[in-house]
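Taking it in order: structure first as structure tokens, then the write-up.
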Amino acid sequence: ICCFAVNQHAGICSSTPRMDPVTQTIPKPCTCSHPKYWSDTAPLRNGQSVRCEMNKFDDMMSCLSAKNHRFGQLIAVDTDFNLFTRAWCVAEIHR
């Protein structure tokens, strides 16, 4: 369970997705009517959207590691190591 889970319905669920590299299919975009918040959606703080959930990971990791020097991550990886083919996953692990 990721305690930093992002509500995909508040961001990318309505965009036309690319082919899924695992299933080799193109998923249908979600038709929900949840409001979307991008990195530049007002109101902004330090140039970043306050309501966007997809731009908070680095700040959260910095805050947690500053509060507890023993803070770490436990990462579950699939047997084919496909996790490491996703740039954002590698970036989040590095953080």
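Counting from 1, the numbers follow the sequence of the chain as shown.
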Item to check | Considering all heavy atoms, the nearest D40-S49 contact | outcome: N-CB, 4.3 Å
Checklist outcome for this item: Closest non-hydrogen atoms of H34 and K36, given as atom of the first, atom of the second and distance, are O-NZ, 3.1 Å
Can you tell me how far [atom2] of [Y] sits from [atom1] of [X], rounded to the nearest 0.5 angstrom?
X   : Y   : atom1 : atom2 : value
C63 : N68 : SG    : CG    : 11.0 Å
I75 : F84 : CD1   : CZ    : 6.5 Å
D78 : T85 : CG    : OG1   : 8.0 Å

With heavy-atom distances below 4.5 Å as the criterion, would you say the side chains of [X] and [Y] are in contact?
X   : Y   : answer
P35 : R51 : no
Q48 : K56 : no
C52 : T41 : no

Checklist outcome for this item: side chain to side chain contact (heavy atoms under 4.5 Å, CB included) filter on S65, not counting sequence neighbours, yields F71
